[in-house]
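Step one of this worksheet: look at the structure below.
Order of the sequence lines fixes the chain letters, A, B, ..., with proteins taken first and strands second; residue numbering starts at 1 for each chain.
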There are 2 protein chains.
Amino acid sequence: MPRGNGRGPAWWHGRFRGCGYRVTVGREAILEVLTKADKHLSAEDIYMKVHAVYPAIGLTTIYRTLEILVNLGLVLKFDFGDGRARYELAEGSKRSTHHHHLICTNCKRVVDYTDFIDDEIELLHRTEKGLSEKYNFAITNHLIQFYGLCDRCKKKK
Amino acid sequence: MPRGNGRGPAWWHGRFRGCGYRVTVGREAILEVLTKADKHLSAEDIYMKVHAVYPAIGLTTIYRTLEILVNLGLVLKFDFGDGRARYELAEGSKRSTHHHHLICTNCKRVVDYTDFIDDEIELLHRTEKGLSEKYNFAITNHLIQFYGLCDRCKKKK
DNA sequence: ATTTAAATGGAAATGATTTTCATTAACAAA
DNA sequence: TTTGTTAATGAAAATCATTTCCATTTAAAT
Ligand SMILES: [Mn+2]
Ligand SMILES: [Mn+2]
Ligand SMILES: [Zn+2]
Ligand SMILES: [Zn+2]
C-alpha cells in the first residue's frame, strides 16, 4: 500500500509540495473539510466550516486554495445551476469514487450515482477515443449530468 | 408537414403565444440572431448583433427573453467555464440537431459533435430509465461535455 | 380607437469571484 | 535555532455577469 495514500492527514502533502506549494494551516483545514464532507460544498460552505475552527482564515484563501486543488486534479468543481460553484474531492482522493450527477431543476437537489456506470464508462472510453482521433483533442475528463424533477418536486406539480 | 414548423420567420410564434407571451420586435430579433448563429453566443454577443439592427433594444431584454426561451425549451443554455452563459437553439428548432460538446480547457474553444451519438443516445436512454426508476426522478434532459486540449493548445505545451 | 396587462430600457442593485497590497508565515539554508 | 527569501494571507476594493426596480411603452384583445 503506497505510503501516505491511506489514513493520516497528510496523504496530499507530497503531491502539494512536489508542485512547489507550501502546506499551510488553512490548506490543511480546507482539505479536512472536503474529506469529511458528505455533500457538495460551495466556497462559502467550506469557509464557514473552516471558520468555526480557524476564524482567522478568510474567504479569499478558500477560493485561492480551491483553484489550486482543482488544477492539481485533487478536487472537482461543478456548476449545478444555482449560481455558485460546488466542490468535491476527486476520484483518487480518499472518500471519493467516480460518479455522475442527477440534478433537480426545481429544488436544485443533487444525487450522486454510480449505477449503470459500467456501461457508461465503457462507452465513454470508446467515445473519447473516437473524438480524440477525429478532432485531435487530448481528452482529459468528462462531465455528465442528468436533469429533471426529483421525487418531492414531482408530486408538488 | 406541420404549418409554421418549416421556413418562415414565425415558426415559434404559435408556441410563444400559446404560453401567453407576446410577440415583440425584440423577441423576433433575438430568435433571428439565434437562428442565423453558427457559434455559441453569449447574452452580450446576441445583444450586439440585435443592437446593430435595433439599437433601442436593451441588454435586459436579451436576458429576459433568453430566460423565457430556455424555459420553453426552444433554446439551450450552457456553461463552458469562461464565466458567461452561452446559448444555442435547441433540437427541434430549425438549424439545430442534438449534439454534445468538446471543450478546450486552455483556449475555451468548443466543438459540437454528433459522432458516436447513436451509441450514446441508446445508452443514455437506458441510463435515464434506470435512474428514473431508482431515484424517482422525472428526467427531462442531460448534459454531456468532454474536456481536454485542442489541436493547437496541445502543440503549444 | 380604447383598454389593460405584459414588455421594455436604463439605472441601480446584487452577489459570486477576483484583484490589490501591505503583512505574515512556511521552510530552506545557515 | 535563527535567518532570509518568497509564497501565502486577509481585508477591502474591484470586477462583471446577471437581476431587480420602476416609470414608460406597446401588443393585442375588445
Ligand atoms: Mn458528487
Ligand atoms: Mn453546441
Ligand atoms: Zn426537487
Ligand atoms: Zn485550445
Side-chain angles (χ1 to χ4, degrees), chain A residues 9-10 12-31 33 40-72 75-87 108, chain B residues 9-10 12-31 33 40-72 75-87 108:
Chain A
W12 52 276
H13 283 197
R15 183 78 181 276
F16 226 69
R17 289 223 181 78
C19 294
Y21 293 115
R22 294 175 182 179
V23 173
T24 67
V25 178
R27 290 172 177 181
E28 302 242 38
I30 291 166
L31 256 301
V33 166
H40 307 91
L41 301 176
S42 66
E44 193 160 7
D45 290 337
I46 296 169
Y47 169 68
M48 290 190 296
K49 285 176 189 283
V50 168
H51 190 266
V53 184
Y54 302 99
I57 288 166
L59 182 55
T60 308
T61 293
I62 308 291
Y63 277 108
R64 278 188 291 228
T65 301
L66 286 171
E67 189 184 6
I68 291 171
L69 293 171
V70 169
N71 286 339
L72 287 180
V75 165
L76 298 173
K77 180 180 183 180
F78 291 100
D79 167 27
F80 294 145
D82 68 341
R84 44 182 59 188
R86 303 282 167 167
Y87 302 86
K108 312 299 178 188
Chain B
W12 53 276
H13 284 195
R15 182 77 180 279
F16 226 70
R17 290 225 179 77
C19 293
Y21 292 115
R22 295 178 181 178
V23 173
T24 68
V25 178
R27 289 172 178 179
E28 301 242 40
I30 292 167
L31 256 300
V33 166
H40 306 90
L41 302 175
S42 67
E44 194 161 5
D45 291 336
I46 296 169
Y47 169 67
M48 290 189 298
K49 284 176 190 282
V50 168
H51 190 266
V53 185
Y54 302 98
I57 288 166
L59 183 55
T60 307
T61 293
I62 308 292
Y63 276 109
R64 277 187 294 226
T65 301
L66 286 170
E67 189 183 7
I68 291 171
L69 292 171
V70 168
N71 286 340
L72 287 180
V75 165
L76 298 173
K77 181 180 183 178
F78 291 100
D79 168 26
F80 293 143
D82 68 341
R84 47 184 56 191
R86 303 279 166 167
Y87 301 85
K108 312 299 178 189

Report the distance from atom [atom1] of [X] to atom [atom2] of [N], rounded to the nearest whole Å.
{"X": "A:Glu28", "N": "D:dA8", "atom1": "CD", "atom2": "P", "result": "14 Å"}
{"X": "B:Leu66", "N": "D:dT19", "atom1": "CG", "atom2": "C1'", "result": "14 Å"}
{"X": "A:Arg86", "N": "C:dA16", "atom1": "CZ", "atom2": "P", "result": "10 Å"}
{"X": "A:Tyr54", "N": "C:dA25", "atom1": "OH", "atom2": "P", "result": "14 Å"}
{"X": "A:Lys77", "N": "C:dT18", "atom1": "NZ", "atom2": "C1'", "result": "11 Å"}
{"X": "B:Ile62", "N": "C:dA7", "atom1": "CD1", "atom2": "C1'", "result": "13 Å"}
{"X": "A:Ile68", "N": "D:dA7", "atom1": "CD1", "atom2": "P", "result": "12 Å"}
{"X": "A:Arg84", "N": "C:dT17", "atom1": "CZ", "atom2": "C1'", "result": "11 Å"}

| task | Measure centre to centre between the rings of B:His40 and B:Phe80, then say whether the value is under 6.0 Å. | result |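 Yes: the rings meet the under 6.0 Å criterion.
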Of the nucleotides [options], which one has an atom closest to the side chain of [X]?
{"X": "B:Ala43", "options": "C:dT17, C:dA26, D:dT18", "result": "D:dT18"}
{"X": "B:Thr60", "options": "C:dA16, D:dT18, C:dG10", "result": "C:dG10"}
{"X": "B:Tyr21", "options": "D:dT18, C:dA7, C:dT19", "result": "C:dA7"}

| message | Looking at D:dT18, I'd like to know if its phosphate oxygens (OP1 or OP2) sit under 4.0 Å from a side-chain N or O belonging to B:Tyr63. | response |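 Yes, within the criterion.
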| query | So, is A:Arg17 near the phosphate of C:dA26, with a side-chain N or O under 4.0 Å from OP1 or OP2? | reply |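 No, A:Arg17 has no side-chain N/O under 4.0 Å of OP1/OP2 on C:dA26.
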| Minimum heavy-atom distance between A:Gly81 and A:Lys108, given as atom pair plus value |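 Distance-wise, the nearest heavy atoms are O-NZ, 3.8 Å.
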| said: Keeping B:Arg27 on the side-chain end and B:Thr65 on the backbone end, is there a donor-acceptor pair under 3.5 Å? | reply: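 No, B:Arg27 side chain to B:Thr65 backbone: no donor-acceptor pair under 3.5 Å.
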| request: Without swapping roles, check the side chain of A:Arg15 against the backbone of A:Leu72 for a donor-acceptor pair under 3.5 Å. | output: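 Looks like yes, one N/O pair under 3.5 Å.
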Under 4.0 Å, counting only non-hydrogen atoms across every strand here, what does [X] touch: a base, just sugar-phosphate, or nothing?
{"X": "A:Arg64", "result": "base"}
{"X": "A:Thr24", "result": "sugar-phosphate"}
{"X": "B:Arg22", "result": "base"}

| message | Assuming nearest nucleotide by heavy-atom distance, tell me which of B:Tyr47 and B:Arg27 is located more 5' along DNA chain C. | response |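 By nearest-heavy-atom nucleotide position, the 5'-most residue is B:Arg27.
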| With nearest nucleotides of DNA chain C determined for A:Ser42 and B:Leu59 from heavy-atom distances, which residue corresponds to the more 5′ nucleotide? |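 Whichever sits nearer the 5' end wins; that is B:Leu59.
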| Pairing of B:Arg86 and B:Asp45 as salt bridge, 4.0 angstrom limit |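 Yes.
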